[in-house]
Amino acid sequence: MKLWKDALGRRIKKRGHYRDPLQSSKKRSVSTSGLRWIVLTLIITPPWTKHRWALPVMSVPAPTPETSKRLGLRHKTVAERARQMILVVRRWLPRVAMMGVGDQSYSVVELGNACVKRGVRLIAPLRLDAALYEPAPPRVAGTNGRPRVKGAPLPKLSHILADERTSWQRVRVRWYDSRRRELEVTSGTAVWYRIGKPPLAIRWVIVRDPKEELEARAYFSTRPADTPREIVVEMIKRWPIETTFEESR
């Protein structure tokens, strides 16, 4: 049986090596050989349970750059493939309110702009060292040159997290295990900018655990009008994706 599996594995053209998130840690990175898939799921809560379910809707392979080069294909990042999947679903449902929630792989300015352009709200983690700015000031009449796309730089979220003067608000949310949990949040709006890319208006939120049992994290929403609690609640809805695939094994 093992010989058959090995022979079959060698015939999978898009097979590559990826970091295994389940076996890896901050101190130790473990890679594994196989196929990587991007799976789009619909999160629902059946009427007979309080637990959310993740129903797979669409999946596409996401090979490594080395694999794409070996096959003579233009490499597409995870975010680029996710953008294409979102475009397909938007064509299916042109008038339905849509929101996408992803992990760090989908924390990309280009993906955020693509979602905003098509009326899709994107929520994902945000790096604590992300380049955030104030909105561009109004253009003064008679000014030469291109209009500014961003204003003054804002403090890094890592500095805000460490600053003792930061004001924190306590919120209660239903955690992954359906129990109520109290968290502390601080938030603001900003323009997220990368050179050569259109600026993206976001609402950012930093979340920390008063009991210090959880690592502090930051998230963003492409809808600046969102409240900090709304962003945290929506991020928690991503957890059923992990449990769906764990149970499916």
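One is the number of the first residue; the rest follow in order along the sequence.
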Under a 4.5 Å cut-off applied to non-hydrogen side-chain atoms, are [X] and [Y] in contact?
| X | Y | answer |
| --- | --- | --- |
| P199 | K150 | no |
| Y106 | I38 | yes |
| L122 | F220 | yes |

Any idea which heavy atoms bring [X] and [Y] closest together, and the distance?
| X | Y | answer |
| --- | --- | --- |
| G100 | V120 | N-CG1, 4.2 Å |
| S221 | I231 | CB-CD1, 3.7 Å |
| S107 | P125 | OG-O, 2.7 Å |
| I206 | W168 | O-CZ3, 3.7 Å |
| K156 | D129 | NZ-O, 3.3 Å |
| E230 | D226 | OE1-CA, 3.3 Å |

Are [X] and [Y] close enough for a salt bridge, meaning some N to O gap below 4.0 Å?
| X | Y | result |
| --- | --- | --- |
| R217 | E215 | yes |
| R181 | E213 | yes |
| K237 | E234 | yes |

- Item | Greater than 12 external heavy atoms within 6.0 Å of R172's CZ |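 Yes, the 6.0 Å shell around CZ holds more than 12 heavy atoms from other groups.
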
- Query: Taking atom CZ of R194 as the centre, does the number of heavy atoms from other residues, nucleotides or ligands within less than 6.0 Å exceed 12?
  - Reply: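 Result for CZ/R194: open.
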
- Message: Donor-acceptor pair, distance only, cut-off 3.5 Å: does the side chain of R90 make one with the backbone of V96?
- Response: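 Checked: pair present.
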
